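So you know, we letter chains A, B, ... as the sequences are listed, proteins then strands, and number each from 1. Since the model is a prediction, treat every value here as computed from it, not as a measurement.
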Number of protein chains: 2
Amino acid sequence: MSLNYKEFATEQIPLIDQEMMSFLKGHNQSELLVEAMNYSLAAGGKRFRPLLLLGTVDFFDIPLEKKHYSVAASLEMIHTYSLIHDDLPAMDDDDLRRGKPTNHKVYGEAVAILAGDALLTEAFHLVSETTLDSSLKVELISLLAKASGASGMIAGQMEDMLGENKQITLDELQKMHSKKTGELIKFAVEAGVTLSSDNMEVKKNLVEYAECLGMAFQVKDDLLDVIGDEAVIGKKTGADAAHDKNTYVSFLGLDGAKEAFESYCNQAQKSLNQSKVLLGYPEKETLLDAILEELKVL
Amino acid sequence: MSLNYKEFATEQIPLIDQEMMSFLKGHNQSELLVEAMNYSLAAGGKRFRPLLLLGTVDFFDIPLEKKHYSVAASLEMIHTYSLIHDDLPAMDDDDLRRGKPTNHKVYGEAVAILAGDALLTEAFHLVSETTLDSSLKVELISLLAKASGASGMIAGQMEDMLGENKQITLDELQKMHSKKTGELIKFAVEAGVTLSSDNMEVKKNLVEYAECLGMAFQVKDDLLDVIGDEAVIGKKTGADAAHDKNTYVSFLGLDGAKEAFESYCNQAQKSLNQSKVLLGYPEKETLLDAILEELKVL
């Protein structure tokens, strides 16, 4: 497997997509519903979370199989449903996502709500029907529900909404992000480990890697809103400041946010290196290194 | 256990409710989110689906335990999420449900969307964490996702929306209802059997009972909109005709719809009797008889 992130992504994304599309095609009847679900699934996502999951499996030198793609696909379906619902007029009211009209702009609000509900439900359906030991399926379903549910991603979304136009602390901002985006990123790595190894010490270190990666991911998002190239990031910059949003930059300033970003990246690298030491290949270049390197580029 | 439906309901509903509330309380952090979820869970539902599940377990003379209440609670959580989302302005735009303000009227649309998403996610979470064999959990999660997902309840909701203000056939109406409401009712019985018995012949007959019950349930709903007592059914009558809705009454007339209703009830009774014969107690009065008797009252 290629250790260059872009080659890895180019190689793997069609396989992740095929897993999502073939599952949905095999299980559905309402054409318009499936069309709306596929529209958002196909809308050019970077597939960061499923790639991270697959990269974690590869970290253990385990060949990628159908079962890995199933769990990766279910994760991307959950992520996609959350974007559809977040974009709704009652929520963030976004007309564009990755440069394309959002789901409700194309299909109307009612269909967008149902397409989100269906992606969420079918994500659990997919894990329940893949070829894996029942006990592993249950563990993964429990982890996925926890990460995306009422004390995970959805709680983060609530806190984000309640914090708008309100003075919050940096600590509250971090906690909100660790739920809203961090939990699914952590799940990607946790699920990858769960599918690959019983080594709890390695798991602990890789979960730390994932947590730091998740924080860096969010600080980067805030940084790019200030210093990013609109053509590259696919959305207008300066939106956070215009909306007086709480961001790492508004708390720490541009330089402070950059320092925080580097610090999270360094911590992620340290935890990753420790995992490699534990597994006996301290010098190995892995996909998880490549993912971190890719993230580091501002 | 009491064989009177009302006594059974009075006895069991607090136990179903306790299971839902204690699970949510133990797993959540965002107070407002939990409050919004609890608001709709507590809004006076008749708990028809979970009672049907528990009644099915009792049909096999199996004492009700924690695991049964967990699955029953998850089913009610899925049903409740679907009501919250159906009531949204973009969907049916209802201000009242069972005589109380709908979720979005109290908490706003954004919170209502998230409360629905959270109930859906936590329903799968609950089944994944209950005390049951992993293989049974996976089977139940798969059945529940199928019943409520993109080829089940959500497909029915889509077809219902697309059929509004449009000429459809009686066959299309029936197919839509069998997905929109029938699938979850069927799941109640299927899950009850799955938790209780490996007898496939009994399962087949009880699933037929559930399917007829589901159809009778919907015809009754249409009938009550014409002949019901507003004080008893908790909503205004005549709404279907006022909205020119496709209903069993609009297709078959009042007498024809009553005949169809009786026919479904009789078929349900027949399948139920056959299940009792197969189990060696043809004369036994069961909770599933009591549930059917209760449904028969117009």
Enter the distance from B/Ile154:CD1 to A/Leu33:CG here, rounded to the nearest 0.5 Å.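 One gets 7.0 Å once the value is rounded to the nearest 0.5 Å.
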
**Request:** Could you grab the distance from atom CE of B/Met91 to atom CD of A/Glu109, nearest 0.5 Å is fine?
**Result:**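 Spacing of CE (B/Met91) from CD (A/Glu109) equals 10.5 Å.
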
[X] versus [Y], closest heavy-atom pair with distance:
{"X": "B/Val138", "Y": "A/Ser128", "result": "CG1-O, 3.3 Å"}
{"X": "A/Thr121", "Y": "B/Ser148", "result": "CG2-OG, 3.5 Å"}
{"X": "A/Asp117", "Y": "B/Leu120", "result": "O-CD2, 3.8 Å"}
{"X": "B/Glu122", "Y": "A/Ala145", "result": "OE2-O, 4.3 Å"}

Let's test your reading of the structure: which of B/Ala115, B/Ser135, B/Gly108 forms the most heavy-atom pairs below 4.5 Å with chain A?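 Most heavy-atom pairs within the cutoff with chain A belong to B/Ser135.
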
From the list B/Ala112, B/Ser142, B/Ala155, the residue making the most non-hydrogen contacts under 4.5 Å with chain A is B/Ser142

Cut-off 4.5 Å, heavy atoms of chain B, and the answer for A/Leu144 is neither

Checking heavy atoms, do the side chain of A/Met158, its backbone, both or neither come under 4.5 Å from chain B?
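For A/Met158, the contact with chain B is made by backbone and side chain together.
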
*Within 6.0 Å of CG in A/Asp198, more than 12 heavy atoms from elsewhere*: no

### Message
Is the shortest side-chain heavy-atom distance between A/His125 and B/Ile141 below 4.5 Å?
### Response
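Result no, sub-4.5 Å side-chain heavy-atom pair not found.
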
### Flag side-chain contact, heavy atom, 4.5 Å: B/Ser134 against A/Lys137
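The answer is no; the side chains never approach within 4.5 Å.
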
In terms of heavy-atom pairs under 4.5 Å with chain B, the winner among A/Leu119, A/Leu88, A/Leu126, A/Leu32 is A/Leu32

- [ ] Report the relative orientation of the aromatic rings in B/His85 and A/His85; use parallel for angles under 30°, tilted for 30 to 60°, perpendicular for over 60°.
- [x] perpendicular

